[in-house]
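Structure record follows, encoded as structure tokens.
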Amino acid sequence: MFLFPRRLRDKLWTDALPPSGSFEGQTVLITGATSGLGLAASMHFAQLGAKVIITSRSLSAGGVARERIEQSAGVVGQGKVQIMELDLSRYSSCVSFVGRLKQSQNGRMGIDVAVLNAGILNVDYSQSPEGCTTLVGLLLLDWMKHQDRPKPPHLIFVTSRDHLDPDISAWAGISAQNGSLLQYLSDKQNWRSGTLSPNYAESKLMLTYAVEKLCEKAVGPDGK
């Protein structure tokens with residue numbers, strides 16, 4: 001309940017946006033950019049002057065999104081929006097994507113910002129075969145960490161304040177009985193059917209734990 005005032009405040013009094021041209025000369029990667037937050041973020045970064053790399057499971061859907069982004073930013077035909085294929089549900093696709101991304105940036109300074117936004121919200125139970133956003137983050141981290149650039153790049157995960165909602169008091173017992181909390185939450189019998197967002201808050205909390213570990217890996221020998 002205490003979250004409601006904070007959410008209301010953020011809707012009424014938003015943070016100031018970066019000034020026009022503030023991302024000129026920078027390269028921004030955004031996963032899941034064909035709709036929703038990913039598409040809106042891609043449009044905004046392009047309007048701020050960035051070269052934008054978007055990902056999509058379908059290159060045709062990516063092409064439609066690219067047209068919308070170019071038109072919104074007034075950069076049609078300038079080659080400032082690139083599409084790359086990525087299916088986060090497939091381990092092989094995640095690995096192949098990062099390899100192709102590195103190759104595409106060979107001889108350049110790499111990417112300045114990676115916004116790992118792609119995801120889905122299912123009401124009905126569906127388990128992806130393999131792969132995930134955290135895997136892409138791990139694959140990107142070491143490469144971005146060692147890029148030779150004047151300013152450090154940024155690796156961003158899109159999450160939710162809903163990660164504060166789960167009652168984790170029973171999680172230790174669940175892990176002890178099942179061997180893996182992630183396996184327990186992925187089991188169909190623990191899927192809360194009938195709710196609008198089953199296990200959504202739990203998944204966001206698990207992502208937050210993963211991001212904390214990635215932050216530890218991002219720290220260099222000098223503590224920065």
Side-chain angles (χ1 to χ4, degrees), residues 7 10-90 93-94 96-122 128 131-133 135-137 139-140 143-144 147 149-161 197 200 204 207:
R7 295 190 178 193
D10 289 347
K11 289 183 181 296
L12 295 176
W13 294 281
T14 58
D15 293 334
L17 294 174
S20 177
S22 55
F23 279 81
E24 194 70 43
Q26 298 189 43
T27 300
V28 178
L29 164 70
I30 304 175
T31 66
T34 57
S35 62
L37 289 174
L39 178 60
S42 300
M43 290 177 173
H44 187 60
F45 276 115
Q47 291 164 3
L48 294 176
K51 175 185 176 182
V52 178
I53 302 173
I54 65 172
T55 74
S56 173
R57 286 178 292 178
S58 163
L59 291 180
S60 59
V64 173
R66 177 171 60 186
E67 290 180 5
R68 294 183 62 183
I69 297 165
E70 289 179 338
Q71 290 173 0
S72 71
V75 294
V76 176
Q78 296 182 23
K80 298 195 71 173
V81 183
Q82 177 185 352
I83 311 166
M84 295 190 70
E85 190 173 12
L86 170 62
D87 182 353
L88 278 172
S89 70
R90 300 287 180 181
S93 179
C94 294
S96 173
F97 163 73
V98 174
R100 286 182 283 112
L101 177 66
K102 292 179 181 180
Q103 188 175 24
S104 72
Q105 299 302 309
N106 188 31
R108 305 175 185 176
M109 295 184 67
I111 58 176
D112 298 272
V113 180
V115 182
L116 303 187
N117 159 79
I120 58 174
L121 178 61
N122 284 337
S128 63
C132 65
T133 290
L135 172 60
V136 174
L139 295 172
L140 287 174
W143 175 56
M144 295 178 68
Q147 289 175 177
R149 55 174 59 250
K151 295 182 179 180
H154 292 78
L155 181 59
I156 300 167
F157 290 81
V158 177
T159 182
S160 165
R161 285 201 184 101
S197 52
Y200 176 79
K204 291 302 182 182
L207 175 60

>> Test of understanding: with side chain to side chain donor-acceptor pair (under 3.5 Å), list the residues that count as partners of Ser60, not counting sequence neighbours.
In response: Ser58
Under 3.5 Å donor-acceptor pairs involving side-chain atoms of residues 23-45, not counting sequence neighbours:
from	atom 1	to	atom 2	distance (Å)
Thr31	OG1	Asn117	N	2.8
Thr31	OG1	Ala118	N	3.0
Ser42	OG	Gly38	O	2.8

Just list the side-chain donor-acceptor pairs under 3.5 Å for residues 74-88, sequence neighbours left out, or say none.
from	atom 1	to	atom 2	distance (Å)
Lys80	NZ	Gly49	O	3.1
Asp87	OD1	Ser89	N	3.1
Asp87	OD1	Ser89	OG	2.7
Asp87	OD2	Ser89	OG	3.4

> Can you find a pair of side-chain heavy atoms, one from Gln47 and one from Ser20, that are under 4.5 Å apart?
Replying inline: no
> Given side chains that start at C-beta, do those of Val113 and Leu155 come closer than 4.5 Å, heavy atoms only?
Replying inline: no
> Got Leu139 and Phe97 here, is their nearest side-chain heavy-atom distance under 4.5 Å?
Replying inline: no
> Taking all atoms of both residues into account, what is the closest heavy-atom pair of Ile54 and Gly62, and its distance?
Replying inline: CD1-O, 3.7 Å
>> So, using salt bridge (charged side-chain N to carboxylate O under 4.0 Å, His left out) as the criterion, who are the partners of Lys51 when residues are at least two apart?
In response: none
> Can you tell if the side chain of Val115 reaches within under 4.5 Å of the side chain of Val158, non-hydrogen atoms only?
Replying inline: yes
> Does the Ser72 side chain pair with the main chain of Ile69, one donor and one acceptor, at a distance under 3.5 Å?
Replying inline: yes
>> To check you understand the geometry: which heavy-atom pair defines the closest contact between Pro153 and Gln147, and what is its length?
In response: CG-NE2, 3.9 Å
>> For Asp112, give me all partners under salt bridge (charged side-chain N to carboxylate O under 4.0 Å, His left out), at least two apart in sequence or on another chain.
In response: Arg149
> Which salt bridge (Lys or Arg N to Asp or Glu O under 4.0 Å) pairs, counting each pair once, include a residue from residues 66-78, with sequence neighbours left out?
Replying inline: none
>> Would you say Ser104 and Arg100 are linked by a side-chain donor-acceptor pair, where the criterion is simply a distance under 3.5 Å?
In response: no
